[in-house]
Structures are given as C-alpha cells and as structure tokens.
Amino acid sequence: MAEQEYFKKALADFTFDAAAGGAIRHLADNGCTVKQIAEHLDFPVPEGRIARVVWEHFLATGRIRKEEPGNGTASEEYTYVTEYDNYGRKSFRRVKLAQRGAEKIVFHEVVFEPARYGKLSDYLAEKCAGNGVEKSYLSCDFAQNRKWEPEAFAAAMEVLEAREREYICGLFQEGGVVYHQLDRRMREIVVRLYEAGKYRGECWFLGSGEKVVLG
C-alpha cells in the first residue's frame, strides 16, 4: 500500500511539474516573488506549493545553500528527460546537470564597521563585483525567526519595501539558517535590515576567501 501511494505521489509530482514546474522556475529566475508567480500562472496553484518548487529550484541551482559556504559540501542540479521505448511508451529519467559548491575554503574573518569601511551598500556592491554574485552569500535565519520570534520577525519585515517583504515571506517558510546568494535584491534587503538594527549574520565571499560579520 505504501509503495502504491508513493507511486501515485511521484506520478502526481511529474504531472504537476510538466504542467507548471517549468513556468514557476522560469518566473522565479526572472525575479518574481511567490505571490507574483501565482498571479502569472494560467491556472490556480496554492502559493505553498509554488514556494516549495521555487525553494527546491534555488537549492538545486545554488542560489540557496543549506550548508555553510566553503565547507566542501556540494549541491547538485538535476533535470528530468522524457524517453520512449520501442512501443512508444513514455518514461522519465533523472539526469544530473551540474555539481556546485564543493570547494573547501579557510576564510579570513572581517567584522564590518561603518566607521572603517563606509556604507554597507557600497561595501557589499564592491565585494560582489569582485567575487561575482554566484560566489557571494548571505546567512538567512528568516524562517527560524518567523517561527520562534514572530514579533521580532514582523518588526523586521516592516522595515522592508512591499516586494522585498513579499519575497522573504513567500520563500522562507520553514527550516533553519540557510545561505542565499547576494544578488541585488538580497543586498538591498540586508542593508535595510542592518541599518535598522534588525539583522545579525554573515556574508561569505568565496572568491576572496572572506567572511564578513554584520551586527
């Protein structure tokens, strides 16, 4: 019975991915929030399910990492390809596309001080330009704070612009501390939170081997 239920779930997941998975991932890559993706789809999909697809996609592509950057743990990206046998019967095969983040790095720790390094926005922009966004990460405990410190989380979200708040609330729904690439949106988010005294964490720059402590 358990095996039959597993097969049904796998088949349902395949069907859903064929119908909506590609569109969800494409919209997420273009910067849409979970709410915006729901509004763009041709048929209704619960935001919670969209969030799971986006989360898994970001984990697979390295935009989000569960493991601390530079610790030698790799993330892998997979896709599914459709195959047909001699009788025209269709099946799916899981194919590995890439492996990322297997580097082991000993970081030089820097404590950020505005008096010494200037504006955080300029500092992070310079670091990301030098390392590349794909090798620049920010520690995120939003889901953890949302669960255990809801009042503090709500106060932090009030600091953000509406779309920034929408992005965080739509994506970080469960789990502990994770690491998100320091793209432009995440840089703007962390700068707002830091300047309002609402962020404590670290930035990781794999190219230059620096861990920058904020807070």
Side-chain angles (χ1 to χ4, degrees), residues 21 24-34 37 48-80 94-110 112 120 123-148 153 156 160 164 166-191 193-194 199-215:
I24 291 172
R25 290 187 287 270
H26 174 72
L27 290 168
D29 285 340
N30 285 340
C32 290
T33 67
V34 168
I37 293 172
R49 188 158 196 184
I50 294 172
R52 288 195 295 274
V53 173
V54 174
W55 184 261
E56 291 169 2
H57 176 56
F58 283 0
L59 286 174
T61 56
R63 183 173 295 189
I64 290 177
R65 301 179 60 160
K66 288 184 177 180
E67 302 293 335
E68 198 172 275
N71 74 344
T73 302
S75 63
E76 299 176 341
E77 181 180 0
Y78 291 88
T79 190
Y80 290 92
R94 192 171 185 241
V95 178
K96 181 177 176 181
L97 293 178
Q99 177 173 295
R100 297 180 176 82
E103 61 271 75
K104 181 73 174 179
I105 299 172
V106 178
F107 287 92
H108 168 64
E109 185 170 304
V110 176
F112 178 78
L120 180 60
Y123 180 83
L124 293 181
E126 181 181 347
K127 292 295 181 184
C128 290
N131 288 267
V133 170
E134 71 282 356
K135 290 193 174 184
S136 304
Y137 284 86
L138 170 75
S139 64
C140 300
D141 57 1
F142 298 118
Q144 182 174 281
N145 289 346
R146 187 178 193 173
K147 180 177 181 179
W148 298 110
F153 175 79
L160 303 179
E164 296 170 342
E166 193 175 287
Y167 181 74
I168 297 297
C169 292
L171 183 61
F172 296 92
Q173 298 191 7
E174 58 184 41
V177 178
V178 296
Y179 306 87
H180 191 297
Q181 284 182 350
L182 260 174
D183 54 29
R184 181 175 179 179
R185 172 161 51 192
M186 288 306 293
R187 291 203 307 271
E188 291 175 353
I189 286 173
V190 73
V191 168
L193 294 176
Y194 175 81
Y199 178 84
R200 296 178 64 88
E202 301 87 26
C203 298
W204 308 77
F205 300 103
L206 279 65
S208 58
E210 294 172 289
K211 172 185 174 182
V212 180
V213 179
L214 304 177

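All of these numbers come straight from a predicted model, not from anything done at the bench. Heavy-atom basis, side chains included; hydrogens, waters and symmetry copies ignored. In this chain, numbering begins with 1 at the start of the sequence shown.
Applying the salt bridge (Lys or Arg N to Asp or Glu O under 4.0 Å) test to residues at least two apart or on different chains, the pairs with a partner in residues 123-143 are Lys127-Glu210. Sorted by first then second residue, the salt bridge (Lys or Arg N to Asp or Glu O under 4.0 Å) pairs that include residues 167-183, not counting sequence neighbours, number zero.
With sequence neighbours left out, Tyr194 forms a ring pair (Phe, Tyr, Trp, His ring centres under 6.0 Å) with Phe112. Every residue was checked against the side-chain contact (heavy atoms from CB on, under 4.5 Å) condition with Arg200, not counting sequence neighbours, and none meets it. Scored by the ring pair (Phe, Tyr, Trp, His ring centres under 6.0 Å) test, Tyr167 finds His180 as partners (sequence neighbours excluded). Under the rule for a side chain to side chain donor-acceptor pair (under 3.5 Å), the partners of His26 that lie at least two apart in sequence or sit in another chain are Asn30.
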Walk me through it: do Arg65 and Val178 pass the test side-chain contact (heavy atoms from CB on, under 4.5 Å)? CA-CA 6 Å; Arg65 301 179 60 160; Val178 296; over 6 Å; no
How far apart are the C-alpha atoms of Ile24 and Val54, what are their side-chain angles, what is the distance that settles it, and do they pass the side-chain contact (heavy atoms from CB on, under 4.5 Å) test? CA-CA 7 Å; Ile24 291 172; Val54 174; 3.7 Å; yes
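Asp29 has its side chain within reach of Arg63: a pair of non-hydrogen atoms, C-beta onward, lies under 4.5 Å apart. Looking at heavy atoms from C-beta onward, Tyr199 lies in side-chain contact with Ser139 at the 4.5 angstrom threshold. In this structure the side chain of Ile189 reaches within 4.5 angstrom of the side chain of Ile168, judged on heavy atoms. With contacts defined as side-chain heavy-atom distances shorter than 4.5 Å, the pair Phe205/Cys128 qualifies. Counting heavy atoms from C-beta outward, Leu171 and Ile64 have side chains that approach closer than 4.5 Å. Put simply, the side chain of Phe172 reaches to within 4.5 Å of the side chain of Trp55, judged on heavy atoms. Looking at Asn131 and Leu206, their side chains never come closer than 4.5 Å, going by heavy atoms from C-beta outward. Considering only heavy atoms from C-beta on, Ser136 stays 4.5 Å or farther from Gln181 through its side chain.
The existence of a salt bridge linking Arg184 and Glu188 is confirmed by a sub-4.0 Å separation between a basic side-chain nitrogen and an acidic carboxylate oxygen. A salt bridge is defined here as a Lys NZ or Arg NE, NH1 or NH2 lying under 4.0 Å from an Asp or Glu carboxylate O, and Glu109 with Lys211 meets this definition.
Distance check: Met186 CE to Cys203 SG gives 9.5 Å after rounding to the nearest 0.5 Å. Annotation: the span from Phe107 atom CZ to Glu68 atom CD amounts to 7.5 Å, rounded to 0.5 Å. Leu193 CG to Leu160 CG: the interatomic distance, rounded to the nearest 0.5 Å, is 4.5 Å.
Contact detail for Ile37 and Ala28: the closest heavy-atom pair is CD1-N, 3.9 Å. When every heavy atom of Arg187 is checked against every heavy atom of Leu182, the shortest pair comes out as NH1-O, 3.3 Å.
Aromatic pair Tyr179/Tyr137: centroids not less than 6.0 angstrom apart.
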